[in-house]
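Computation of the quantities below employed the complete heavy-atom set of this structure, encompassing side-chain atoms and omitting hydrogens, waters and symmetry-equivalent molecules. In this text the structure is predicted, and so the values were computed from the model without any measurement.
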Amino acid sequence: MNKNPIPLDNKQFLLRGSVLRNSKWIYGVVIYSGHETKIMLNQSLHSLKESTAMETIQNSLLKTVFLLIFFLSIMCALCSLWWTKNHTNKHWYLEQRDVNAYTFLLQSISFFVIFHNTIPVSHVYIEVVRFLQAWFINNDIDMYHKESNTRARVRSQNLNVELAKVKYIFSDKTGTLTKNIMKLKHCSIAGELYPEGSQNKIIYNSINHSTKNNYVLEFLRIMSICHTVIPEKSKLTDKIVYNASSPDEQALVIGSQQFGFIFHTRSPTSVTITTLYGEETYEILNLIEFTNSRKRMSVIVRTPDGQIKLFCKGADTGIIKRLSKSGEKYKNQTLMHLNDFAHSGYRTLCFAYKNISESFYNKWKDEYLNASAVLIDRESAKNKVAEKIEKKLTLIGATAIENKLQDNVPKTIQALMCAAIKVWILTGDKEETALNIGLSTTLITQDSSIIIFNESNLTDLRHAINQKMYNLDLKVETINCTLIICGRFLKHALSSDLKMKFLKLCFNCKSVICYRISPTQKAEIVDLVTKYTNEVTLAIGDGANDVPMLHKASIGVGVVGLDGLQAYNASDYSIGQFNYLLKLLFVHGAWNYEKITKMVYFYHYKTVVFNSLQLWFAIYSGWSGQVLFDRWNIFTYKSLFTVSLPIVMGLFLTSCSTETRLKCPQLYYKTQNVFSFKMFWIWIINALFHSIFLFWICLFIMKHEVIWIKGRVGDYSVFGNIIYTCTLVIVCFKAGLHIQSWSFIVHLAIWVSILLWISFIIIYDELKNILMHFTVFININEIIFRSPIFWITILFTTSVVLLLDIIIITIQRTLSNDMTNND
């Protein structure tokens with residue numbers, strides 16, 4: 001076991017076993033099994049992705065505020081020197097100070113200490129809100145998939161805001177858009193079509209028709225032998241249950257049962273099946289596994305009569321070109337059936353076999369054994385040896401396997417496109433299947449034009465792309481067309497001088513379908529679009545072959561599938577069904593972005609409105625650097641009395657309900673413009689105006705000496721505490737104005753904040769004897785609470801300051817509701 005940290009660079013690491021992630025290192029626990037290492041992890045893991053847009057904005061705001069405080073401190077220090085030089089002589093009771101560089105430095109530091117509380121620490125609030133938002137997503141009952149007992153799961157809560165800004169979605173097909181529950185629908189054997197329900201016809205031909213007998217029997221034997229399924233007897237029903245690594249294999253094994261060929265026993269070296277003629281045991285000599293590059297799998301067996309045969313199944317591109325001339329007898333009819341199957345949206349597989357001599361097999365076996373012992377590039381070495389035996393095959397037939405769409409997939413894709421999100425489907429299926437899935441998911445509509453690139457060479461492809469670019473009016477923001485391209489041609493388009501033209505053409509199409517595409521190409525496409533558009537991209541898939549794609553996208557979403565939990569565990573967000581993507585983006589994503597944006601606005605508002613009071617007091621106190629509030633008041637303002645308000649806004653501020661957002665997809669892209677620096681500065685200016693009204697209204701009310709109880713006169717500490725109280729009340733109600741629905745928690749946060757301050761005054765006043773050396777907070781309890789001026793000032797100041805806000809917010813909500821109803 002190796003737990004040494006592996007620094008990240010531009011390389012890829014081959015690991016097998018568990019991987020622990022944190023922000024800077026990957027700890028690999030490498031466990032070798034046999035001679036294979038199968039799991040490839042890219043350095044772009046979800047926990048190591050670049051900073052989000054919100055974090056970048058926050059860093060920019062932090063720098064801006066720091067610079068403003070720095071220059072404000074210098075300006076105030078200059079004003080202090082100017083006032084000292086021109087006014088000190090007029091006030092005999094003030095200490096005479098020299099005007100020099102040392103005094104300027106001290107005053108600058110004093111004012112910076114006064115204003116330093118304005119520097120935001122909103123990152124802490126954002127992290128708390130992100131954590132709670134992730135908890136809401138994890139516990140959303142509408143995103144719970146009952147059949148698989150799966151809840152939504154958040155692994156990268158720092159991407160919660162990015163969910164609201166997705167522009168491109170890249171989706172796998174099988175298991176992501178489809179249920180991945182396979183069912184054998186049709187068979188093509190020796191050029192003859194056997195549609196669903198014709199089991200009796202196949203059995204009749206296998207027994208009575210001598211011309212078809214061998215082909216039908218070999219076809220059924222391949223279905224029941226060429227796989228990696230493990231049979232188990234169910235304890236409940238006493239029937240055989242098949243555990244398969246692929247739903248396709250399970251469908252074929254179950255389908256072969258319908259024709260009288262039952263697979264029931266597997267040992268490390270043999271497979272036993274029951275046929276129409278009795279029980280047959282086949283010795284497994286070699287198993288050449290399926291890979292994405294080979295697109296086929298083969299098994300070499302010794303038949304009960306001692307003959308060696310190779311059974312092969314796979315995609316038509318992996319089988320057809322390996323046929324012998326005599327083995328192409330039924331090629332044309334089979335290809336016609338394959339096209340019909342693909343047009344119907346079925347998954348297709350071709351079946352072939354080959355008789356092998358004993359001498360050839362023994363020679364090949366030694367080569368394959370040597371290739372399996374190679375330490376460097378073992379898989380490539382094994383594939384080269386496998387090529388030698390997987391040729392001159394005889395085509396027997398093909399199968400059509402149905403894989404139905406998940407619930408509400410067409411509706412989901414239509415809503416995504418209405419929200420100005422471009423959907424790309426990346427699939428390994430053939431062109432006809434890809435075209436059918438585009439039609440069935442409404443990605444291709446009746447009024448859509450289709451661009452298909454199937455040119456045979458790079459020159460023709462270049463000419464076709466240039467012609468399409470010339471014909472299409474690229475000034476239009478979105479062209480109502482779908483581009484369809486094969487992975488083989490896509491490789492040329494992305495590796496030549498055509499890359500930028502091709503990408504530009506894709507960006508101007510409303511949707512793109514890439515077929516016959518490998519996992520590596522999926523990741524390459526997602527990476528290119530993410531980099532060239534600089535937009536938020538989302539990749540969604542369910543299998544291990546989708547993991548590289550998920551890591552390359554800005555956001556990776558894993559769907560729980562039957563192919564394992566690799567994508568589910570390697571993603572930023574996990575969901576049970578494709579249609580849950582709507583609520584994840586339209587509701588949670590939009591809400592999260594809106595809430596955190598308003599929370600950031602409000603946090604800076606409450607900080608500026610409080611600290612700018614020190615600036616107005618500096619003007620009034622001759623730029624002396626005297627603080628208006630007690631040091632404990634300054635500390636507890638952010639850490640106690642207003643600590644809950646930004647969090648409440650970040651959790652409970654919603655402008656539209658769940659039903660409204662799901663019903664009106666257009667609200668999604670409108671929400672993407674919630675944050676703007678213009679609106680940020682509007683909040684800051686609003687805070688400055690509020691603080692101006694606060695300070696000068698309170699100053700006007702208390703400008704003359706106010707006689708309190710027992711003949712006491714109000715001083716600057718009384719003045720400061722009255723302003724502090726008014727500020728806290730206004731900030732609390734300002735938060736409440738922007739929260740449309742006042743729940744119990746909202747009430748609690750607002751009223752408890754105010755009551756905490758009142759309680760604090762009482763308790764603090766009782767401790768005056770202990771704290772007299774640390775505070776000027778003496779007898780404030782007796783002075784302000786018993787004075788009607790205190791209560792009148794709070795009511796009057798709060799009403800005047802917030803009146804304009806109430807009017808503006810009312811108008812905005814009225815207009816917003818009208819626009820929502822129109823949509």
Side-chain angles (χ1 to χ4, degrees), residues 132-148 150-154 159-171 176-177 179 405-423 440-443 445 510-511 536-540 555 557-560 572-598 650-674 739-741 743 813 815-823:
L132 294 174
Q133 287 175 344
W135 185 86
F136 287 144
I137 295 175
N138 290 338
N139 292 276
D140 189 341
I141 194 65
D142 293 333
M143 298 175 67
Y144 170 70
H145 189 229
K146 187 176 181 180
E147 293 180 10
S148 60
T150 304
R151 294 179 179 271
R153 186 175 178 185
V154 179
L159 297 176
N160 287 350
V161 170
E162 303 297 288
L163 290 172
K165 297 186 288 183
V166 175
K167 295 292 187 181
Y168 291 87
I169 290 180
F170 302 89
S171 176
T176 305
L177 300 177
K179 294 182 178 179
L405 288 176
Q406 293 180 12
D407 298 335
N408 298 319
V409 167
K411 180 181 177 181
T412 301
I413 290 183
Q414 194 64 38
L416 292 172
M417 296 175 73
C418 288
I421 298 175
K422 296 184 179 180
V423 181
S440 59
T441 58
T442 70
L443 200 64
T445 56
K510 72 170 186 178
S511 59
V536 177
T537 58
L538 182 147
I540 180 169
I555 303 171
V557 178
V559 178
V560 179
D572 302 306
Y573 297 87
S574 302
I575 55 178
Q577 292 279 279
F578 181 81
N579 65 313
Y580 294 165
L581 199 60
L582 283 187
K583 189 164 189 185
L584 183 65
L585 299 182
F586 291 0
V587 180
H588 290 291
W591 275 356
N592 293 345
Y593 186 39
E594 183 181 28
K595 290 173 181 178
I596 286 186
T597 297
K598 293 293 181 65
L651 295 176
F652 298 100
L653 186 150
T654 55
S655 59
C656 296
S657 65
T658 300
E659 294 75 15
T660 302
R661 288 200 172 275
L662 292 176
K663 182 181 178 181
C664 304
Q666 297 83 357
L667 292 174
Y668 180 75
Y669 65 81
K670 290 180 181 179
T671 304
Q672 295 175 350
N673 300 319
V674 167
I739 300 175
Q740 290 188 351
S741 58
S743 63
R813 288 181 181 174
L815 294 176
S816 177
N817 290 334
D818 291 341
M819 292 176 63
T820 302
N821 293 332
N822 292 334
D823 291 338

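- Annotation: side chain of Phe136 is in contact with side chain of Leu651 (closest heavy-atom distance under 4.5 Å).
- Across all their heavy atoms, Asn592 and Gln133 have their closest contact at OD1-CD, 3.2 Å.
- Taking the side chain as every heavy atom from C-beta outward, Leu582 and Asn408 never approach each other to under 4.5 Å.
- Ring geometry for His145 versus Tyr580: interplanar angle over 60°, hence perpendicular rather than tilted (30 to 60°).
- No side-chain heavy atom of Val587 sits under 4.5 Å from any side-chain heavy atom of Asp140.
- In this structure, OG1 in Thr412 is found 10.0 Å from CD1 in Ile169, a value given to the nearest 0.5 Å.
- With values rounded to the nearest 0.5 angstrom, Glu162 atom CD is found 12.0 Å from Leu585 atom CG.
- Interatomic distance, Leu177 CG to Gln577 CD, rounded to the nearest 0.5 Å: 11.0 Å.
- Taking all atoms of both residues into account, the shortest heavy-atom contact from Val423 to Met417 is CG2-CG, 4.2 Å.
- Between Pro665 and Phe586, the shortest heavy-atom distance links the atoms CB-CE2, 3.8 Å.
- Remark: Glu594 engages Arg661 in a salt bridge, criterion side-chain N to carboxylate O under 4.0 Å.
- At least one donor-acceptor pair closer than 3.5 Å links the side chain of Thr442 to the backbone N or O of Pro410.
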Q. How far apart are the C-alpha atoms of Lys411 and Asn579, what are their side-chain angles, what is the distance that settles it, and do they pass the side-chain contact (heavy atoms from CB on, under 4.5 Å) test?
A. CA-CA 8 Å; Lys411 180 181 177 181; Asn579 65 313; over 6 Å; no
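- Of the inter-residue distances, the one linking Leu584 atom CG with Ser574 atom OG reads 10.0 Å to the nearest 0.5 angstrom.
- Contact check for Leu538 versus Leu581: side-chain heavy atoms found under the 4.5 Å cut-off.
- The backbone N or O of Ala164 sits less than 3.5 Å from a side-chain atom of Gln672, completing a donor-acceptor pair.
- Of the inter-residue distances, the one linking Thr441 atom OG1 with Gln414 atom CD reads 9.5 Å to the nearest 0.5 angstrom.
- Here the side chain of Lys422 pairs no donor or acceptor atom with the backbone of Tyr168 at under 3.5 angstrom.
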Q: Decide yes or no on side-chain contact (heavy atoms from CB on, under 4.5 Å) for Phe578 and Ile413, but give the supporting numbers first.
A: CA-CA 9 Å; Phe578 181 81; Ile413 290 183; 3.9 Å; yes
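- Across every non-hydrogen atom of Gln406 and Val409, the tightest pair is O-CG2, 3.4 Å.
- Note that CG of Leu662 is 8.5 Å distant from OG of Ser657, once rounded to the nearest 0.5 Å.
- When atom types are taken as modelled, the side chain of Asn138 and the backbone of Arg151 share no donor-acceptor pair closer than 3.5 angstrom.
- Shortest non-hydrogen contact noted between Thr671 and Ala590 is CG2-O, 3.6 Å.
- Residue Ala420 comes nearest to Tyr669 through the heavy atom pair CB-CD2, 4.0 Å, listed as atom of the first residue, atom of the second, then distance.
- The aromatic rings of Trp591 and His588 sit perpendicular, their planes meeting at an angle over 60°, well past the 30° parallel limit.
- At least one donor-acceptor pair closer than 3.5 Å links the side chain of Tyr573 to the backbone N or O of Asn160.
- In this structure the side chain of Thr537 never reaches within 4.5 angstrom of the side chain of Ile555, judged on heavy atoms.
- For the pair Val166/Tyr668, a side-chain contact is recorded, criterion being any heavy-atom separation below 4.5 Å from C-beta on.
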